[in-house]
Every structure is written in C-alpha cells, then in structure tokens.
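Accompanying notes for the structure given below.
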Amino acid sequence: MSQARIPGPLVALAAAGLLLFVLPLAGLIVRAPWNQVWPALTAPETATALGLSVFCSLTATAVALALGIPLALLLSRTSGTIRGILRALTTLPMVLPPVVGGVALLLAFGRRGLIGAPLYAAFGLQIPFTTTAAVIAETFVAMPFLVIAVEGGLRGLDHRYEEAARALGAGSWKVFLRVTLPLLRPAVFSGAVLCWARALGEFGATITFAGNLPGRTQTVPLAVYVALETRPEGAIVLSLILLGVSLAILIGLRDRWLGEP
Amino acid sequence: MTKWVASLAALLLGSCAGNQGSGPPPTVSSIVVFAASSLEPAFVKVAGRVSPKYRLGVVFNYAGTQALSSQLMQGAQADVFASADTAHMKSLQDAGLIGGSPQVFGHNRLEIAVEKGNPKGIHTLADLARAGLVTVLADPSVPAGKYAQQALARAHVTVHPASLEPQVTGVLGKVSLGEADAGIVYVSDIVSSGKVDGVAIPDGQNVIADYPIAKLKSASNNQGADEFISYLLSPEGQSIITGAGFEKA
C-alpha cells in the first residue's frame with residue numbers, strides 16, 4: 001500500500017509531541033533508584049496498593065461497560081437539544097477537576113448526601129472511605145471516555161446489518177447482542193482501554209471521596225503522592241511499577257482482543 | 001490552587017496600594033514566602049499589614065511543609081521559609097539552604113475537630129476509639145499526622161482511622177462536611193475554619209508544634225525578608241498570630 005508523504009514540518013511537530021511524552025518517562029527511568037526496585041516491589045505495602053489499584057480500575061471498567069454502552073446507545077439515538085444536554089452531562093466529568101468531582105460525589109453519596117443520607121438513615125450504609133467509594137470515584141471520572149468512544153463507533157456503524165437481522169425476524173435484544181455489539185468491538189475495546197487507563201491513574205476524586213487508607217482506598221496514585229512527601233525514591237519506584245503493569249496489560253490485551261500486530 | 005489564590009491576593013494587595021493616590025506609595029519590591037498551609041489565614045493578614053508598611057509585595061506559596069521543603073531542596077527560588085515543624089527546617093539548614101538562624105514565631109497545639117454542637121459527645125482522645133465512630137487523621141508523613149500519632153500514643157489510645165489524609169485540610173473538610181465524626185487537627189485550623197467545633201486535648205497528651213521561620217540563603221530580597229520576619233516577631237505580628245489560633249512564640 002503506497003502512502004502519501006507526510007510534510008516535513010508535520011514530522012517535526014509529531015516528533016516534538018512524542019518528546020513531550022518520552023522525556024518525562026526518561027526522567028523517571030534515569031532518576032529511578034534501580035537498586036531499590038526489588039525491595040520496593042516485594043514490600044507488602046506495594047503489593048497492597050497495586051492489588052487495590054488493579055481491582056478498582058478493572059471493576060470500574062466493568063461497571064463503565066455495563067452502564068456506558070447502553071448510555072452510548074441512547075446518546076446515538078437522540079438528536080438536537082436533548083442530545084446536546086445528554087452529551088454535555090456525560091462529558092462533564094472529563095472537564096471537571098477531579099477534586100471537585102470528589103466533593104460532588106460526597107454531596108451525592110456521603111452520609112449527608114442526596115442519596116447517601118436516606119441510605120444511611122435506612123440501612124446505616126456509609127459509602128465514603130470504602131473500596132466501593134474508590135470504585136465509584138474511578139467510574140465517575142473514567143466512564144465518559146468509554147461512552148464517547150462507543151458513541152463514535154455507533155455513529156459510524158453501517159445500520160444495514162441491523163436492519164437485515166431485524167428483517168429476518170430477530171428481536172431488538174438479539175440484534176443488539178448478535179449484530180450491534182460484535183460490530184462495535186473495536187470501539188468498545190479502545191473505549192474500555194482509555195477508561196481503564198484513566199481509572200488506574202485516578203487521584204483527585206478518589207482521595208476526596210474515598211480518603212486514603214492502605215488496603216482499603218489507597219490506590220497506587222495515592223500511595224505515590226504520600227510517598228513523594230517522605231521518600232521520593234519510593235514514589236519513583238512505585239510510579240515505574242504502575243507504568244510497567246499498565247504497559248504489560250495494554251500490550252497483552254491488544255494482541256488477545258483484536259488480534260492486531 | 002492555594003498558590004493561585006495567594007498570588008492573586010498579592011496582586012490585589014499590590015494594585016490596591018497602587019491605586020490610592022493619597023495612600024501609601026506603590027510597592028517597590030517583593031518577596032516570595034514559602035509557608036506551611038496551616039499558616040495561610042494568619043499570613044494573609046500579616047501580608048495585609050506588611051505590604052503597605054514596608055511597600056513590600058508578598059507572594060506566598062502555601063503547601064504542606066514537607067512539599068515545600070522538597071521544592072526548596074530541588075532548587076526552588078524563595079526569600080523566606082515558614083515551617084510547621086523544626087525537623088524540616090533543620091534538614092534545610094543541614095543542606096546549607098538557610099541564611100540566618102531560624103526563629104520560632106508561634107506554636108500550634110492539637111485539638112479534636114468535631115461537628116458543630118458535638119452531636120457524638122466526644123470529650124477525650126479515648127472517645128475516638130469508640131466503635132462506629134468515623135475518625136479521620138492526617139497521614140503520619142505530614143507533621144499534623146505525626147503529632148496526632150504522638151498524642152494518641154501518650155493517651156494510650158488505638159484509633160482505627162477511616163482515612164489518613166495527606167493534608168490537614170482533608171481532615172477538616174471531611175469533618176465539616178459531616179462525613180467523618182472526628183479528626184485531629186491544629187487549633188488554628190479550627191479557628192480559621194469556623195465550620196467545626198474544637199474539643200481540647202489536655203496538656204499531658206497534647207503535642208505542641210513549633211513554627212520556625214528563616215531567611216533563605218538564596219534570597220534575592222534580603223531587606224524585604226528581614227522586614228517580613230521582624231514584623232512577624234513584633235508585638236503587632238504576634239497579635240495577628242494569636243488571633244488566628246496560634247500561641248505566642
């Protein structure tokens with residue numbers, strides 16, 4: 001396949017863009033106290049934070065898939081003002097500073113919150129400071145990435161396949177599961193990856209809504225922040241570990257799910 | 001964010017001074033003060049007096065003491081450093097970054113922050129160990145958390161906190177929003193917040209934090225730094241400090 005040459009200035013700009021990503025990474029790698037990587041990796045606190053991060057981010061992604069795909073479907077079927085409003089509401093968490101998102105979550109799900117207060121009164125249920133709160137915070141911040149990706153996929157979909165399935169007698173549920181969803185696979189996959197990555201790095205909403213307790217709500221970004229104050233080397237090592245795990249999962253998943261080189 | 005607010009405040013102060021035709025002449029020089037976040041309410045007032053008096057613009061960088069100290073270690077440029085503990089001041093001194101000798105300008109003691117009206121009836125540190133009570137502490141990596149740990153140890157109380165906040169403001173916020181029943185913070189935090197009540201901790205259990213201030217060796221405005229520090233130690237400066245909930249040096 002022959003491709004048009006990319007103009008020189010664009011290549012230079014692309015290189016500058018790439019440098020912006022690569023230089024901070026290089027900084028982390030060059031400055032890392034490599035002799036401390038193994039002790040830090042095997043320290044129980046690291047395993048606890050890492051385990052919690054992986055658990056929370058994957059759970060948040062699963063919740064986002066369950067709620068986000070239907071939401072994207074709804075968005076793609078609306079138009080005009082309603083669509084504008086729905087889309088603005090969906091993308092709001094992307095522009096909101098995460099700390100503000102955390103406060104908003106407290107005002108909704110906290111003991112004094114809109115939903116939280118009746119829950120607390122009826123069942124004594126307290127959401128803040130629990131792992132559930134960490135998952136909610138991550139879902140809140142990360143789900144828009146999935147919704148946007150899936151909605152884009154839906155808009156680019158060739159609806160003749162769905163029409164054909166319907167004409168052959170398939171019900172709406174069956175069309176969704178057997179035709180729409182498989183066609184959406186690339187969009188769902190890339191949306192899920194973005195969503196998961198955002199959830200994994202989440203800090204502001206989590207610390208505000210869920211607090212910071214090792215083993216319960218202290219995910220790796222929170223552990224990095226706390227460590228940065230007392231032992232910066234430890235923070236660098238933790239960041240590297242998070243990077244390594246993310247890279248491994250991203251590369252591994254890509255091959256398995258899409259079968260692309 | 002606090003940094004922004006501080007710079008904005010300094011700008012406003014500067015422009016106010018400049019706009020008054022009959023008032024004091026506009027500021028001619030400025031200093032950068034790195035100050036522990038717990039000092040913000042007091043230092044905003046101090047700057048309000050110092051600026052017109054010495055025609056000095058004061059720009060603050062408020063953050064946790066440990067964050068400020070690591071910024072300074074990494075080569076951040078400032079004239080004055082006000083710390084929430086002597087340990088961080090000492091390590092900066094050992095690194096050769098402090099110009100003069102640090103002077104303690106105030107003390108802060110711990111208090112239990114509870115909701116207005118103290119609905120859970122919390123009267124001692126031992127009450128914090130009660131089952132079903134949601135207690136939030138500062139992380140031991142920040143001075144307030146370290147002091148809280150010491151106070152609890154002195155009272156022989158074991159608390160299972162719901163969260164270890166990396167900043168005292170996190171503790172205060174969670175108590176004032178009603179999400180936590182109690183937290184251990186500085187008296188000055190309770191005074192400046194106004195949204196929570198304070199329960200005193202007896203002297204035998206309390207930990208008193210020393211707040212030292214010093215000019216940095218890299219100061220670009222030596223005179224301004226000296227003026228700020230001497231005002232803080234003057235009777236006038238000290239009354240602002242005590243008004244904000246601190247104790248006199």
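Reminder, nothing fancy here: chain letters follow the sequence lines and each chain counts from 1. Atoms considered below: every heavy atom in the structure, side chains included; atoms not considered: hydrogens, waters and symmetry mates.
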If you count heavy-atom pairs within less than 4.5 Å of chain B, which of A:Thr208, A:Thr130, A:Leu213 leads?
A:Leu213

Identify which part of A:Pro97 has an atom lying under 4.5 Å from any heavy atom of chain B, answering side chain, backbone, both or neither.
neither

With a 4.5 angstrom heavy-atom cut-off, could you sort out which part of A:Leu107 is near chain B: side chain, backbone, both or neither?
side chain

Around [X], counting heavy atoms of other residues, nucleotides and ligands shown, do more than 12 lie under 6.0 Å from its [atom1]?
{"X": "B:Lys116", "atom1": "NZ", "result": "yes"}
{"X": "B:Lys195", "atom1": "NZ", "result": "no"}
{"X": "A:Ile82", "atom1": "CD1", "result": "no"}
{"X": "A:Ile115", "atom1": "CD1", "result": "no"}
{"X": "B:Arg130", "atom1": "CZ", "result": "yes"}

Which one of B:Ser70, B:Gly132, B:Ser141 has the most heavy-atom pairs closer than 4.5 Å to chain A?
B:Ser141

Working to the nearest 0.5 angstrom, can you tell me the gap between A:Gln218 CD and B:Leu164 CG?
8.0 Å

Exam field: side chain B:Ser163 to backbone A:Asn212, donor-acceptor pair closer than 3.5 Å:
yes

Under a 3.5 Å distance rule, please check whether B:Glu179 uses its side chain to pair with a backbone N or O of A:Pro128 as donor and acceptor.
no

A:Arg111 versus B:Val134: any side-chain heavy-atom pair under 4.5 Å?
yes

